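Scroll down for the structure; my scribbles are underneath it.
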Amino acid sequence: MAVLTFDTYGKTRVRLLQVRRDGARHGVTEMTVQVLFEGDLAESYTAGDNRKILPTDTMKNTVYALARRKPIASAEGFACDLGRHFLSRLAHVHQVKVEISETPWNRIADHGSAFTHGGHERRTAACVFTRSAHTVVSGLRDLQILKTADSGFSGYLKDEYTTLPETTDRLLGTILDADWTCSSPVQDFNGLHAAIRSKLLDVFAAHHSLSVQHTLFAMARSVIDRFAEVDQIHLVMPNTHCLLIDLSKFGLDNPNQIFMPVDEPSGLIEAKVSRD
């Protein structure tokens, strides 16, 4: 006998760009939104009964309508607004999960209405609303960072297949993904996000790295130590390699100056650090 053990449905990849027009000085927010429902929805699967199904097209329209009703102050705040809206209207829905990925746009000089695309980095926010509680997780994705000094890798386990030479002077490159969860209410999500991002980058730059793991923990610990509202931080740091090019065949030396960046394969280092 087949039993439905889990179900969810919603709308994904809802693209939104909001222009805030405050006189001649404008602001731009671009987001991709996902909304997912869980609740008393089983009969839509097992019996084709759609009476409790809010069309996903309605979810999409709600994203745009709520953005028009109130300027978006932060990704986290907008995610919470959407969660509250749906949960307050649909008694049979037990949980609403809203995930947002924000694309950065940077002002050109001090121009009031001209912007440049911020690259691959994305700000993220996820809000899960239930009848009894809600959780907000903030973060960032695809922040590419590199340091050219104070990084080495030695003293590691070796076997008959090990060819990697030990070094005390290597490039350390990664594409950082980070998520952090706060226990207490946050008054300024934008300010906290900027401060945590800055702290992560400061520690990455200054840390004398003995491995990616070593630097990852130093970065995560610095956030826990500095920001009392953060209960846990999750970092993912793939070791994106730059291979030193052998120029000896051309009669040239290469004192750690000429490299070939490679996308794959890469190491993958990941950890969660929590408050004790």
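Just so we're clear, the structure is a prediction, and the values are computed from it rather than from any experiment.
In this structure, His26 NE2 and Ser113 OG are separated by 6.0 Å, a value rounded to the nearest 0.5 Å. To the nearest 0.5 Å, atom OG1 of residue Thr29 and atom CZ of residue Phe78 are 10.0 Å apart. Taken from CG in Leu16 to CD in Glu102, the straight-line distance is 10.0 Å, to the nearest 0.5 Å. Within the model, atoms OG of Ser209 and NZ of Lys147 stand 6.0 Å from one another, a figure rounded to the nearest 0.5 Å. Atoms CZ and CG, on Phe204 and Leu146 in that order, are 6.5 Å from each other to the nearest 0.5 Å. The distance from atom CG of Leu82 to atom CD of Glu99, rounded to the nearest 0.5 Å, is 12.5 Å.
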Tabulate below the donor-acceptor pairs under 3.5 Å that side-chain atoms of residues 268-276 make, not counting sequence neighbours, or state none.
unit_1: Glu270; atom_1: OE2; unit_2: His234; atom_2: NE2; d: 2.6
unit_1: Ser274; atom_1: OG; unit_2: Gln232; atom_2: OE1; d: 3.0
unit_1: Arg275; atom_1: NE; unit_2: Val230; atom_2: O; d: 3.2
unit_1: Arg275; atom_1: NH1; unit_2: Ile224; atom_2: O; d: 3.2
unit_1: Arg275; atom_1: NH2; unit_2: Ile224; atom_2: O; d: 2.8
unit_1: Arg275; atom_1: NH2; unit_2: Phe227; atom_2: O; d: 2.9
unit_1: Arg275; atom_1: NH2; unit_2: Val230; atom_2: O; d: 2.8

Per-pair distances, 0.1 Å, donor-acceptor, side chain in residues 36-44, under 3.5 Å, sequence neighbours excluded:
unit_1: Glu38; atom_1: OE2; unit_2: Gln95; atom_2: NE2; d: 3.3
unit_1: Asp40; atom_1: OD2; unit_2: Lys52; atom_2: NZ; d: 2.4
unit_1: Ser44; atom_1: OG; unit_2: Leu41; atom_2: O; d: 2.7

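Tyr9 and Val63 fall within a single hydrophobic cluster, where Ile, Leu, Val, Met, Phe, Trp and Tyr side chains are chained together by heavy-atom contacts under 4.5 Å. Placement of Met219 and Leu201 within a single hydrophobic cluster is found when ILVMFWY residues are connected by side-chain heavy-atom separations under 4.5 Å, directly or transitively.
Under the 3.5 Å distance criterion, the side-chain polar atoms of Arg107 are matched with a main-chain donor or acceptor of His111. The closest donor-acceptor contact from the side chain of Ser198 to the backbone of Ala194 lies at 3.5 Å or more, if one exists at all. A donor-acceptor contact shorter than 3.5 Å is absent between the side chain of Gln144 and the backbone of Leu176. The backbone N or O of Ile53 sits nowhere less than 3.5 Å from a side-chain atom of Asn50 that would complete a donor-acceptor pair. In terms of modelled atom types and a separation under 3.5 Å, the side chain of Arg15 and the main chain of Met31 share no donor-acceptor contact. At least one donor-acceptor pair under 3.5 Å links the side chain of Gln18 to the backbone N or O of Ala67. Distance alone, capped at 3.5 Å, is enough to place a donor-acceptor pair between the Thr240 side chain and the Gly173 backbone. Within the 3.5 Å criterion, the main-chain N or O of Asp142 finds a donor-acceptor partner in the side chain of Asp177.
Looking only at atom types and distance, the side chain of His207 has a donor-acceptor partner in the side chain of Thr215 under 3.5 Å away. For the residue pair Thr103 and Arg122, a side-chain donor N or O sits within less than 3.5 Å of a side-chain acceptor on the partner. Residues Arg141 and Ser101 bring no donor and acceptor atom of their side chains to less than 3.5 Å of each other.
Contact of the Phe115 side chain with the Asn106 side chain is not registered, since no non-hydrogen atoms from C-beta on lie closer than 4.5 Å. Taking 4.5 Å as the limit, every side-chain heavy atom of Ser266 sits out of range of all side-chain heavy atoms of Ile175. Counting heavy atoms from C-beta on, the side chains of Phe153 and Glu166 never come closer than 4.5 Å. In this structure, His85 and Leu87 have side chains that are not in contact, with every pair of non-hydrogen atoms separated by 4.5 Å or more. Thr124 has its side chain out of reach of Ile100: every pair of non-hydrogen atoms, C-beta onward, lies at least 4.5 Å apart. The side-chain heavy atoms of Asp81 and Lys70, taken from C-beta on, include a pair separated by under 4.5 Å.
Under a cut-off of 6.0 angstrom, the local environment of NE2 in His92 is crowded, with over 12 non-hydrogen atoms contributed by other residues, nucleotides or ligands. The environment of NZ in Lys11 is crowded: more than 12 heavy-atom neighbours from other residues, nucleotides or ligands sit within 6.0 Å. Within 6.0 Å of atom CG in Asp22, 12 or fewer heavy atoms from other residues, nucleotides or ligands are found, so the atom counts as exposed in its surroundings.
Screening residues 211-235 for salt bridge (charged side-chain N to carboxylate O under 4.0 Å, His left out), with sequence neighbours left out, gives no hits. Applying the side-chain hydrogen bond (donor to acceptor under 3.5 Å, both in side chains) definition to pairs two or more places apart or across chains, those involving residues 251-265 are Asp169-Asn256.
With sequence neighbours excluded, no residue satisfies side chain to side chain donor-acceptor pair (under 3.5 Å) with His241. By the side chain to side chain donor-acceptor pair (under 3.5 Å) test, Ser248 is found to be paired with Asp246, residues two or more places apart in sequence or in another chain being considered.
In this structure, Lys158 is positioned above the aromatic face of Tyr156, its NZ or CZ under 6.0 Å from the six-membered ring centre and within 45° of the axis.
One finds a salt bridge joining Arg25 and Asp110 here, because a Lys/Arg side-chain nitrogen approaches an Asp/Glu carboxylate oxygen to under 4.0 Å. Of the charged side-chain nitrogens involved, at least one lies within less than 4.0 Å of a carboxylate oxygen, so that Lys60 and Asp57 count as a salt-bridged pair.
Taking the six-membered ring for Trp and the full ring otherwise, Trp180 and His193 have centroids separated by under 6.0 Å.
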